[in-house]
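Data first, discussion second: the structure below is written as structure tokens.
What you see below is based on every heavy atom in this structure, not just the backbone, and it leaves out hydrogens, waters and symmetry mates. Numbers restart at 1 for each chain; the letters A, B, ... are given by sequence-line order, proteins then strands.
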Amino acid sequence: MFTILEKNDLAAKVYRYVINAPNVARKAKAGQFVILRLIDDGERIPITLADWDPISGTITLYVQAIGKTTTIMSQMKAGDALLDVVGPLGIPSHVEKGKTLVALGGGFGIAAIHPIVRAHKRIGNRTISIIGARSKELLIMEDEMRAASDEVRIATDDGSCGTKGFVTTILKKMLTTHEAMDVVLAIGPVVMMKAVAELTRASDVETLVSLNPIMMDGTGMCGACRVMVGDSVQFACVDGPEFDAHKVDFDLLVARQKMYSPQEKLSMEIFDKLCKAQEQRETAAW
Amino acid sequence: MEKIKLSNKDRMKIPRHDMPEQEPAVRAQNFLEVPLGFTPETAMEEADRCLQCKNPKCVAGCPVNVKIPDFIFHVAMGNFSLAAQTLKETNALPAVCGRVCPQEDQCEAVCVIGGKNEPVAIGRLERFVADWERASGVVTIPPIPAATGKKVAIIGAGPAGLTCAGDLAKKGHDVTIYEALHKAGGVLVYGIPEFRLPKNIVDAEVDYLRKLGVKIECDFVVGMTRTIDELMEEDGFDAVFIGSGAGLPYFMGIPGENLNGVYSANEFLTRVNLMKGFVFPNLSDTPVPMATHVAVIGGGNTAMDSARTAKRLPWTEKVSIVYRRSLAEMPARKEEIHHGEQEGVEFLLLTNPTKFVGAEGWLTGMECQRMELGEPDASGRRKPVPVKGSEFILEVGAAIIAIGNGSNPLINKTTPGLTTNKYGNIIADGFGKTSREGVWAGGDIVIGAATVIKAMGAGKEAAASIDEYLRSK
């Protein structure tokens with residue numbers, strides 16, 4: 001059973017879950033992900049691993065309630081169980097000694113950079129994390145990121161914490177001042193990853209992004225997650241999820257993420273109605 | 001016992017019984033099974049047509065060598081329970097095989113009365129017996145010998161793996177199947193549609209394996225969750241059978257293939273079958289394409305399954321099969337093509353897509369080219385040659401590419417010493433033995449995309465070889 005052992009309500013519908021998944025925890029490596037299915041006839045969704053503990057057999061996930069499935073997950077409590085957790089999936093992040101890493105995490109993308117930054121720091125690499133959110137209250141994992149990095153720099157849209165602006169505002173300045181960096185890693189909304197790629201393209205710094213297209217099986221069987229990297233079609237689930245940011249066709253990724261937007265909207269509307277009806281019934285009964 | 005007195009002449013006078021089916025216009029609107037099955041009376045009459053040959057060719061024509069005359073004899077006598085037991089001696093999945101085997105190319109192709117008359121409807125009888133047993137609620141479990149103490153890991157709960165697991169469990173070995181998806185059955189649950197193979201039937205056959213003592217662990221991707229080396233060195237498995245299937249969809253490599261609305265058949269069928277997308281959004285959360293005109297590219301059974309599935313989706317008005325050769329070269333079963341035609345699927349033959357066209361990221365149509373048949377190619381089929389200047393646009397909202405599958409590299413990449421060919425298929429001998437000691441493989445991962453029954457045959461061969469290996473160890 002994939003029981004939820006802990007659940008924390010963080011910010012802006014972002015939740016932290018610690019889930020019992022010993023098979024995944026035993027093998028997980030930085031950069032990998034899992035596929036979840038919550039309920040019977042529920043959909044399969046990919047979520048990047050934020051942390052894991054092979055000894056207790058648990059994994060930690062950060063999930064933002066956006067669509068129907070993630071909203072249902074946000075209503076689950078500690079003690080509830082997910083039907084399926086499969087993984088770890090994807091090629092682990094390549095972590096090489098002697099490199100200075102600058103990792104940018106936007107929104108709950110911070111959860112995805114966390115284990116990669118930590119893996120670099122553990123082998124002695126210098127690690128600078130740039131994390132950002134719209135405002136101070138919405139920033140997640142600040143303490144965890146401080147523990148995993150040599151240095152943390154923060155950007156908020158409204159300037160309520162750290163630099164006013166985006167994570168790219170900080171990176172841009174670092175590039176202008178020729179701060180030392182060997183690898184840049186960016187994980188977050190596609191617009192943010194694309195902006196990072198554009199910034200580093202001129203300076204020729206190796207830049208990696210972790211892509212999050214729609215997936216189904218996660219084993220390379222369906223091809224739903226295909227992305228263009230340079231001239232070749234790649235399946236993010238088995239060939240990625242990490243790719244060379246300078247070669248990724250981000251516009252295609254944005255388009256493909258909208259493949260089911262009309263259906264997702266419809267699904268959410270029906271679900272909202274059900275939730276409201278349920279609330280009304282409960283209020284009436286009370 | 002009047003029946004036994006029937007002479008061969010009498011038997012040959014009985015016409016082959018048709019399979020009752022849902023009306024095409026009705027079934028094209030639902031996902032219920034198309035053939036309705038024989039009644040006991042029809043089955044017994046059909047069974048009377050079997051001449052009970054001393055040297056039955058049908059048995060050799062079956063990849064798992066079902067004792068066909070024996071089980072048919074029991075059917076003729078009305079002894080359906082015995083018939084079921086006879087079937088299951090060699091075939092762990094008779095309800096599946098009775099539905100999806102290409103009997104016309106196998107057992108029924110070599111039936112001796114098939115020359116002048118039509119062959120005995122072996123597939124329909126097999127289906128009847130398996131369904132009768134399931135409906136009776138009394139499933140006979142064969143005696144299992146004492147535990148051998150040997151552990152076997154089976155990778156993939158598809159036809160090859162399930163068959164191999166069943167045979168090894170019946171020999172007393174401790175068998176665990178590891179399945180990547182959340183449900184056992186492989187192509188039987190993600191690929192073959194509900195109207196051709198109801199999923200409760202697959203569930204019942206899988207349940208039978210559990211009763212034989214087979215353990216099934218889903219959500220377990222061998223290569224990722226655990227490697228073969230870890231299974232053998234750390235988890236104590238004495239042998240491994242790889243039946244991971246042909247899970248890598250081929251795309252066409254033509255412009256526009258990444259437009260929204262272009263699917264691999266694997267994705268489309270998995271969404272509808274495994275994820276039950278046909279009841280989205282009320283009863284399933286997995287969305288499926290909502291297009292009024294759907295094109296399916298290819299001419300195999302997967303193309304037919306995709307087309308007939310698309311036709312049943314409530315918002316689809318028209319489905320066109322786009323195939324570059326002619327009807328005669330189509331690799332799909334005649335029955336499937338016929339069913340598709342009956343249900344109103346359009347066949348655009350000698351037509352080849354050259355480009356997907358779209359607007360703002362969404363598919364709006366397919367540029368196609370007319371073809372004509374030239375000289376035979378390597379496959380022996382006449383090679384389609386484009387007709388110059390014949391390009392036209394087919395307006396479609398979704399396109400499903402069903403041109404075949406390659407082998408999924410997950411296991412090959414994570415298993416050192418496992419030899420594969422240039423297509424990534426694992427190299428195995430006639431018994432399924434691979435280049436790695438203690439590792440067997442069979443089904444699509446070895447022979448490339450083929451049929452359910454061929455995979456089952458390979459699972460069976462491998463099980464016998466694994467059993468022999470474990471006993472000598």
Side-chain angles (χ1 to χ4, degrees), chain A residues 2 21 23-24 26-27 32 34-35 37-45 67-69 72 83-91 214 216-228 233 235 238 249 251-271, chain B residues 179-183 190-191 217-227 230 244-251 253 257-271 274-277 279-290 358 360-362 401 405-406 408-410 413:
Chain A
F2 306 103
N23 281 338
V24 178
R26 177 166 61 170
K27 286 281 285 189
Q32 291 186 302
V34 289
I35 284 188
R37 200 174 67 114
L38 308 181
I39 48 170
D40 253 335
D41 303 322
E43 63 181 335
R44 295 169 65 98
I45 57 164
K68 179 175 172 185
T69 301
I72 293 174
L83 261 192
D84 303 283
V85 176
V86 59
L89 299 170
I91 301 173
I214 294 170
M216 197 165 44
D217 62 286
T219 64
M221 188 268 279
C222 84
C225 66
R226 56 195 192 274
V227 290
M228 282 304 283
V233 177
F235 291 178
V238 287
D249 182 344
D251 297 337
L252 177 69
L253 178 63
V254 170
R256 286 189 63 80
Q257 282 181 335
K258 291 182 189 151
M259 181 121 158
Y260 294 103
S261 295
Q263 286 98 320
E264 280 159 9
K265 198 167 158 253
L266 180 67
S267 186
M268 201 58 205
E269 278 168 14
I270 294 172
F271 180 65
Chain B
E179 168 56 46
L181 291 171
H182 56 262
K183 193 168 161 63
Y190 76 73
E217 202 164 328
C218 289
D219 296 325
F220 198 107
V221 185
V222 173
M224 303 303 292
T225 312
R226 218 75 183 122
T227 62
E230 286 165 340
S244 50
L248 183 76
Y250 286 144
F251 286 91
E257 205 152 33
N258 295 323
L259 285 166
N260 285 344
V262 182
Y263 297 82
S264 72
N266 282 359
E267 180 185 356
F268 173 71
L269 290 172
T270 304
R271 284 184 176 276
L274 176 73
M275 307 307 295
K276 300 196 187 136
V279 286
F280 176 87
N282 294 316
L283 299 172
S284 161
D285 292 334
T286 300
V288 290
M290 287 175 159
E360 289 164 27
W362 292 83
I401 302 169
N405 273 282
N408 192 303
L410 266 189
K413 274 204 244 171

Is the shortest side-chain heavy-atom distance between B/Glu257 and A/Met228 below 4.5 Å? no
Side chain, backbone, both or neither: which part of A/Leu83 has a heavy atom under 4.5 Å from chain B? backbone
Distance from A/Glu43 atom CD to B/Arg271 atom CZ, nearest 0.5 Å? 8.0 Å
Kindly compute the distance separating OH (B/Tyr190) from SG (A/Cys222), expressed to the nearest 0.5 Å. 11.0 Å
So which heavy atom on B/Pro281 is nearest to which on A/Leu266, and how close? CG-CD2, 3.8 Å
Using non-hydrogen atoms only, which part of A/Leu38 is less than 4.5 Å away from chain B: side chain, backbone, both, or neither? neither
A/Met221 and B/Glu267: side-chain contact (heavy atoms from CB on, under 4.5 Å), yes or no, with the steps? CA-CA 8 Å; A/Met221 188 268 279; B/Glu267 180 185 356; over 6 Å; no
With no hydrogens and no angle check, is any side-chain donor or acceptor of B/Ser264 less than 3.5 Å from a backbone partner on A/Gly223? no
What heavy-atom pair brings A/Val238 and B/Lys413 nearest, and what distance separates the two atoms? O-NZ, 4.3 Å
Does any heavy atom of chain A fall under 4.5 Å from the side chain of B/Phe220, the backbone, both, or neither of them? both
Please classify the contact of A/Phe271 with chain B as side chain, backbone, both or neither, using a heavy-atom distance under 4.5 Å. neither
Option that, when pairs with chain A are counted at under 4.5 Å, heavy atom only, ranks first among B/Leu259, B/Asn405, B/Leu274, B/Val288: B/Val288
Interface moiety of A/Leu252 toward chain B, non-hydrogen atoms closer than 4.5 Å: side chain
Measure B/Glu179 against the heavy atoms of chain A and call it side chain, backbone, both or neither at under 4.5 Å. neither
Contact winner vs chain A - B/Thr225, B/Thr286, B/Asn266, B/Leu283, heavy-atom pairs under 4.5 Å: B/Thr225
Under 4.5 Å to a heavy atom of chain A? For B/Leu410 that would be side chain
Proximity breakdown for A/Val233 and chain B, heavy-atom pairs closer than 4.5 Å: side chain
Can you tell which part of B/Glu360 gets under 4.5 Å to a heavy atom of chain A, answering side chain, backbone, both or neither? neither
Decide whether A/Arg226 and B/Asn258 meet the rule of one side-chain donor and one side-chain acceptor closer than 3.5 Å. yes
Would you name the heavy atoms of B/Asn282 and A/Ile270 that are closest together and state the gap between them? OD1-CD1, 3.7 Å
Give me the atom names and distance for the closest heavy-atom approach of B/Lys276 to A/Asp41. NZ-OD1, 3.0 Å
Count the heavy-atom pairs under 4.5 Å between each of B/Gly245, B/Gly253, B/Ala246, B/Pro287 and chain A, then report the option with the highest count. B/Pro287
Can you label the angle between the A/Phe235 ring and the B/Phe251 ring as parallel, tilted or perpendicular, going by 30° and 60°? perpendicular
Atom group of A/Arg26 that falls short of 4.5 Å from chain B, counting heavy atoms: side chain
Heavy-atom cut-off 4.5 Å, strictly under: side chain, backbone, both or neither for A/Met216 against chain B? side chain
Nearest 0.5 angstrom please: B/Glu217 CD to A/Asn23 CG, how far? 5.5 Å
Which portion of B/Val279 sits near chain A, non-hydrogen atoms under 4.5 angstrom: neither
